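The basis for the numbers below is simple: all heavy atoms, side chains too, and nothing from hydrogens, waters or symmetry mates. Just so you know, these numbers come straight off a predicted model, no measurement behind them.
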Amino acid sequence: MTTATAATAAPRTNSPRSEKHRPDKPETTEPRQNPPTFLSDPYPTLARMRQSAPVSVLHSDGGLRLWIIPRYVDVRAALFDRRFAQDVRRAQALADSRVEGVNLGTEISHMLSSDPPDHTRLRRVVQAAFSRKRVEAMRPMVERITLELLDGLDAAAARHTTRTTTATVDLVRDFAFPLPILVVCELLGFPPEDRDLYRKWSTAIVTQEGDHAAFRRAVQEMGSYVLAIADRRIRRNDRPADLLTELLAARERGELTDDEIVGMVALLLIGGHETTVNLLGTSCLALLRDPGQAAWLRADLTRMPRAVEEFLRYDSPICMATTRFTTEPVDVGGVEIPQDEFVLLSLGAANRDPARFQDPDRLILDRRDAGHLAFGGGIHRCLGALLGKLETEIALTALLARFPGTTLACQERDLRWRNTMMLRGLEALPLTLRR
């Protein structure tokens, strides 16, 4: 499941450029496109920002000024600070007063784009579904889906392997994406055969890629789809024991509107797979880069829960938390961010902060200095964190057990990364499966 970022639209931003400046002033950057080097490895740039100043300033493609907070202590404090608001309608009005054409996603109404009391009401409706007890009850279902997908990979490898060639698979397409989306489908009671639709909508809504028309079209299509399923259930008096039934019951009690049901489902469909898809891909790549750490983990796969915490810290699937704005001036490390300014909290930079983590740029699977911020914090901390960790633990354990000799099927420089500063994930991960 997602941290407090994945299902909320944000202004497309440009990679920061480090410049010399006085310590008491924020670093300032000019608008420019995300270069491939930043997408493939943002951490040197984020480190320069973190070392240079407690706050940096950059601009979206549309010219909207954004303040980036990169240091662990400041990011953690901001996650709990109510002066950093997330009400998307207020944020959109503020953006409209500054520049034209910025879309912050007011078409979707959900928890991540709300502040109390609306946030409190919306979260209360679904929080029981992600309790520790109910998530643990999903373990057999996640294990079943994982084994079915691995059986599919096995069969595909057998069909395409000859004496002179070995089969390759795309881990993202064939495993990392279908696993969490199939789990969410079972959770909501949605048709699993429509999973490619969910992925298409997710990409349009999360990354935008500067195409506001595609964003709005995806929101409209998803809304019509969700309400059609809901109406069909009501007409047939069909109430299976799933989360959509709980959402419809909340609507009957007057606790949710149709728009809020659509927003909740969008958050679960999109957020419910984005983090796990990204995390599975980057975790596998990290193990392929570091044979020593991979051998340590394979020697005892019961170490996986601890390893997953390190994967989350080392290459956080959400690099930037959802856009916030200040409701009053806020001091961050001696730099004042004025009222009504847009702020990005860099979870990726915070999780590599040497002031908090020893040797932070190294993958250390038995790391003892816990406390990463990959799932955010405060009232917007990821509701599905437990489910996301469960999915990742089960998936990586089964994958390593079945294919311990797997290798990368291309040069690492040829890997394609998602073109967004918000998410940290691979477009594809070609692997050669070996037992």
Side-chain angles (χ1 to χ4, degrees), residues 1-6 39-51 68-80 176 180 271 274-290 292-294 296-297 301 303-322 344-378 380-397 400 417-418 421-426:
M1 298 293 287
T2 184
T3 182
T5 58
L39 294 175
S40 63
D41 185 10
Y43 296 107
T45 301
L46 294 176
R48 288 193 296 271
M49 292 171 57
R50 196 175 51 234
Q51 293 161 6
I68 294 186
I69 300 177
R71 296 176 181 173
Y72 181 95
V73 64
D74 298 324
V75 170
R76 190 181 186 283
L79 287 167
F80 289 85
E274 284 288 352
T275 295
T276 304
V277 172
N278 294 341
L279 182 59
L280 283 173
T282 55
S283 299
C284 287
L285 180 59
L287 291 174
L288 292 169
R289 287 170 171 164
D290 195 328
Q293 289 295 292
W296 177 88
L297 184 56
L301 290 175
R303 297 165 170 168
M304 188 62 74
R306 190 189 311 170
V308 168
E309 298 295 343
E310 173 66 351
F311 290 135
L312 284 161
R313 183 207 66 83
Y314 177 74
D315 216 353
S316 302
I318 307 299
C319 191
M320 297 283 180
T322 37
L344 293 175
L345 309 181
S346 180
L347 306 180
N351 285 336
R352 294 283 190 105
D353 190 341
R356 176 61 181 79
F357 300 101
Q358 184 177 4
D359 206 357
D361 292 321
R362 277 188 59 212
L363 181 73
I364 305 174
L365 296 182
D366 62 344
R367 181 179 292 276
R368 303 297 175 173
D369 47 348
H372 66 75
L373 301 176
F375 289 117
H380 290 287
R381 188 178 190 277
C382 174
L383 184 65
L386 291 175
L387 179 56
K389 289 195 285 188
L390 178 74
E391 291 171 337
T392 306
E393 290 167 13
I394 291 172
L396 289 178
T397 299
L400 290 178
W417 294 82
R418 302 188 71 177
M421 279 184 65
M422 309 298 286
L423 302 176
R424 173 74 178 149
L426 289 156

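For R306, there are no salt bridge (Lys or Arg N to Asp or Glu O under 4.0 Å) partners, not counting sequence neighbours. Partners of R367 according to the salt bridge (Lys or Arg N to Asp or Glu O under 4.0 Å) rule, which considers only residues two or more places apart in sequence or in another chain, are E310, D369. Partners of D366 by salt bridge (Lys or Arg N to Asp or Glu O under 4.0 Å), not counting sequence neighbours: none found.
No side-chain heavy atom of I318 sits under 4.5 Å from any side-chain heavy atom of F375. Looking at heavy atoms from C-beta onward, P360 lies out of side-chain contact with N351 at the 4.5 angstrom threshold. The side-chain heavy atoms of I68 and M49, taken from C-beta on, include a pair separated by under 4.5 Å. Contact annotation: the side chain of W417 approaches that of R424 to within less than 4.5 Å [non-hydrogen atoms, C-beta and beyond]. The closest side-chain heavy-atom distance from P180 to E391 is below 4.5 Å. Counting heavy atoms from C-beta outward, L301 and L396 have side chains that stay 4.5 Å or more apart. Counting only heavy atoms from C-beta outward, the side chains of V308 and R303 never approach each other to under 4.5 Å. Using a 4.5 Å heavy-atom threshold, the side chains of R418 and N278 count as touching.
Of the inter-residue distances, the one linking D315 atom CG with D41 atom CG reads 8.5 Å to the nearest 0.5 angstrom.
Relative to the six-membered ring of F357, R313 meets both conditions, a distance below 6.0 Å and an angle of at most 45° to the axis.
Considering every non-hydrogen atom in both R50 and A349, the closest pair reads NH1-O, 2.8 Å. The two atoms that bring Y314 and D361 nearest to each other are CE1-O, 3.4 Å, heavy atoms only. For the residue pair C319 and M421, the shortest heavy atom distance occurs at CB-O, 3.3 Å.
In R356, the CZ atom is crowded: over 12 heavy atoms of neighbouring residues, nucleotides or ligands sit closer than 6.0 Å.
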Note to self: Under the criterion salt bridge (Lys or Arg N to Asp or Glu O under 4.0 Å), I'd like the reasoning laid out for R71 against D74: C-alpha separation, chi angles, the key distance, then a yes or no.
What the structure shows: CA-CA 5 Å; R71 296 176 181 173; D74 298 324; 5.1 Å; no
Margin query: Could you go through L344 and I69, starting from their C-alpha distance and side-chain angles, then the distance that decides it, and tell me whether this counts as side-chain contact (heavy atoms from CB on, under 4.5 Å)?
Written below: CA-CA 6 Å; L344 293 175; I69 300 177; over 6 Å; no
